[in-house]
> 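My structure is below; once you've seen it, I'll send some questions.
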2 protein chains.
Amino acid sequence: MGTLTEENYIKSIYSLSLATGEVFVSELAKKLEVKLPTVNSMVKKLAAKKFVAYAPYQGIKLTDKGKKEALAIIRKHRLAELFLVKVMGLGWEEVHEIAEQLEHVNSERFYNRMDELLNYPKADPHGEPIPDTHGKIPTEKRTPLSAQKEGKKVKIIAVSVDQKSFLDHLNAKGLQIGDTIMIVKRELFDGSVTILKSQKEIVLSHQVSENILVSGDET
Amino acid sequence: MGTLTEENYIKSIYSLSLATGEVFVSELAKKLEVKLPTVNSMVKKLAAKKFVAYAPYQGIKLTDKGKKEALAIIRKHRLAELFLVKVMGLGWEEVHEIAEQLEHVNSERFYNRMDELLNYPKADPHGEPIPDTHGKIPTEKRTPLSAQKEGKKVKIIAVSVDQKSFLDHLNAKGLQIGDTIMIVKRELFDGSVTILKSQKEIVLSHQVSENILVSGDET
DNA sequence: ATATAATGTTAGACTAATCTAATAAATTAA
DNA sequence: TTAATTTATTAGATTAGTCTAACATTATAT
């Protein structure tokens, strides 16, 4: 375990490097809302502690140790979110901020008890998978709603953003994780998508539909 | 709200100054496990922020602002402890450490929801009163078990220490908050006390009995 | 292929929280 | 009532995390 700040860097490096396996100083600086030199010196420190592999002017990569640390934090964050929703009755759009704080609580007991009370859940309220104590992530095929063929029937399994404004929008449209929907129409002009959920048509902008993840393959 | 460190200083100042209304630099240093100059500079900072009133070589006193802050932190700590016991099923002897971390979580929503789920409780698992959102503390007359007359029947309402070793000891003796007991004998020699709880005699050392608080007046 | 733009690094300073060593004030004891 | 002891303060250094300004490298665009 590192400091709170180190944990936040590791978490961000993890999520930003998911796609390509590495992340650049500028991306991290933007995400963490600090200046480039700050990231630079922090990354050197994380490298000294063997959380990341890094050479000047190259991308930053997590080591196995760093990945393990990242997954431990993510596990805590997602368990906390689900706990806040299921046990404490809060809304999925308001738990992210609280979980950002709870994820730094250091207590195996606290988190293992949560896991137990929630009956070893596989995903958080946004559909994101919850790593187990060994850092193992349950995987399920998922693609953006925006990439689905017209006529296809799919299940919403996750959202790829957890900003309150976005979740509020989904709440307003009456959409949630687990819903089965049918793709009615994809507009070429603006990329908006019309879907059918229990007899009701719902129109989603491209920006929204690309952040809704559904079961199954790409088109 | 101050920093985490400031919050810990304010909390300690509050508890150490409960009896006399003030606390000395050396006491604080001991409690917080830091050196005197560290406390000295921190106290100057807290004074600049109007959390404490302080003049060199004098005792440290919380201002009204400081008291309010202290009570807000204590409220969060005690709610968290009770929540961990009642909702999460942890033991009263293991929740203190976790609550020390949870008390710094910044979320009205989180704590008010806890309060609601616990049905606006008056005391934590150790019997300590829980301040309300305005910092008001429910009071109840309480005196150490060690100061009770032989033959008296009293109810255990709190413990004045929450070290795991002490609570483990009470668990082993089968005593808990809410128990009604009778004082059988007070030994003059070593101050130990023999009590009766549901037909069973239990012997408690002076050190233990002075940290068990019971209903009612002094002898 | 060189100039320009974008990105990354180094140097040096700042704040928060801590420390040790030296000094000062207050208290206690002779 | 002075000396010794305890307690508190000041001065100066250290580490973590941040910043700005200056410089260096890499990428991009004529």
Side-chain angles (χ1 to χ4, degrees), chain A residues 1-14 16-17 19-62 65-66 69-70 73 100-101 103-104 106, chain B residues 1-14 16-17 19-62 65-66 69-70 73 100-101 103-104 106:
Chain A
M1 275 236 323
T3 64
L4 196 157
T5 311
E6 283 171 5
E7 288 190 359
N8 283 332
Y9 273 80
I10 290 170
K11 194 175 51 142
S12 294
I13 293 168
Y14 180 88
L16 293 174
S17 65
T20 62
E22 60 177 13
V23 61
F24 296 93
V25 174
S26 52
E27 300 176 75
L28 254 184
K30 193 172 179 185
K31 169 105 170 190
L32 293 165
E33 298 181 313
V34 296
K35 302 297 175 183
L36 293 193
T38 305
V39 171
N40 184 261
S41 60
M42 195 65 197
V43 164
K44 281 197 238 169
K45 191 173 153 198
L46 291 174
K49 291 190 174 187
K50 309 286 185 202
F51 285 116
V52 304
Y54 155 83
Y57 298 101
Q58 304 297 126
I60 301 153
K61 289 176 203 180
L62 283 180
K65 182 184 172 188
E69 181 75 9
I73 301 164
E100 285 285 313
Q101 300 181 64
E103 75 191 7
H104 301 292
N106 178 15
Chain B
M1 274 239 322
T3 65
L4 195 157
T5 310
E6 283 171 5
E7 289 191 358
N8 284 331
Y9 274 80
I10 289 169
K11 194 175 52 141
S12 294
I13 293 167
Y14 180 87
L16 292 174
S17 66
T20 62
E22 61 177 13
V23 61
F24 295 93
V25 174
S26 51
E27 300 176 76
L28 253 184
K30 193 172 179 184
K31 169 107 169 190
L32 293 166
E33 298 181 313
V34 296
K35 303 296 176 184
L36 293 193
T38 306
V39 171
N40 184 261
S41 60
M42 195 65 197
V43 164
K44 281 197 238 171
K45 191 173 152 199
L46 291 174
K49 291 189 173 187
K50 308 284 185 204
F51 285 117
V52 303
Y54 155 83
Y57 299 101
Q58 306 295 127
I60 301 151
K61 289 174 204 183
L62 283 179
K65 181 183 172 190
E69 180 75 9
I73 302 164
E100 285 286 312
Q101 298 181 66
E103 74 190 8
H104 301 292
N106 180 14

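If you're wondering where the values come from, they're calculated on a predicted model, not measured in any experiment. Below, chain A is the first sequence line, B the second, and so on; all start at residue 1.
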> What is the distance from atom CG of B:L28 to atom OG of B:S12, rounded to the nearest 0.5 Å?
6.0 Å

> What integer distance in Å separates B:K30:NZ from D:dT7:C1'?
14 Å

> For the side chain of B:F24, starting at C-beta, report the closest nucleotide among C:dT18, D:dT20, D:dA8.
D:dA8

> To the nearest angstrom, how far is A:E22 atom CD from C:dT7 atom C1'?
14 Å

> B:N40 side chain N/O closer than 4.0 Å to the phosphate oxygens (OP1, OP2) of D:dA8?
no

> Output the rounded distance in Å from CE (B:M42) to C1' (D:dT10).
18 Å

> Check whether any side-chain nitrogen or oxygen of A:K44 sits under 4.0 Å from OP1 or OP2 of C:dT9, and answer yes or no.
no

> Separation of A:L4 atom CG from D:dA16 atom C1', in whole Å?
12 Å

> Is B:E100 salt-bridged to B:K11, cutoff N-O under 4.0 Å?
yes

> Tell me which residues in residues 47-57 of chain A lie within less than 4.0 Å of DNA chain C, going by non-hydrogen atoms.
A:Y54, A:P56, A:Y57

> Report the nucleotide, chosen from D:dT18, D:dC19, C:dA16, that has the shortest atom-to-atom distance to any side-chain atom of A:Y9.
D:dT18

> Say you draw a straight line from CD1 of B:I73 to CD of B:E69; how long is it, rounded to the nearest 0.5 Å?
4.5 Å

> So for atom NZ, which belongs to A:K50, do other residues, nucleotides or ligands contribute more than 12 heavy atoms lying within a distance under 6.0 Å?
no

> Just how far, in rounded Å, is P of C:dT15 from CD of B:E6?
15 Å

> Any chance you could measure B:E103, atom CD, to B:N8, atom CG, to the nearest 0.5 Å?
6.0 Å

> Got a second to check how far B:E7's CD is from B:N106's CG, nearest 0.5 Å?
8.0 Å

> State whether A:T38 places a side-chain N or O below 4.0 Å from either non-bridging phosphate oxygen (OP1 or OP2) of D:dC19.
yes

> Could you state the atom-to-atom distance from CG of A:L36 to P of D:dA24 in whole Å?
17 Å

> Tell me the interatomic distance from A:L32, atom CG, to D:dT18, atom P, rounded to whole angstroms.
8 Å

> Identify whether any heavy atom of B:S41 sits under 4.0 Å from a base atom; if not, whether one sits that close to sugar-phosphate; answer base, sugar-phosphate or nothing.
base

> Is it true that, when you exclude A:K30 itself, more than 12 heavy atoms of the residues, nucleotides or ligands shown sit nearer than 6.0 Å to its NZ?
no

> Of the listed nucleotides (C:dT18, D:dA8, C:dT10), which one gets closest to any side-chain atom of B:S26?
D:dA8

> Using whole Å, report how far CG of B:N8 lies from P of C:dA16.
17 Å

> Can you tell me which nucleotide in C:dT20, C:dG8, D:dC19 comes closest to the side chain of A:V25?
C:dG8

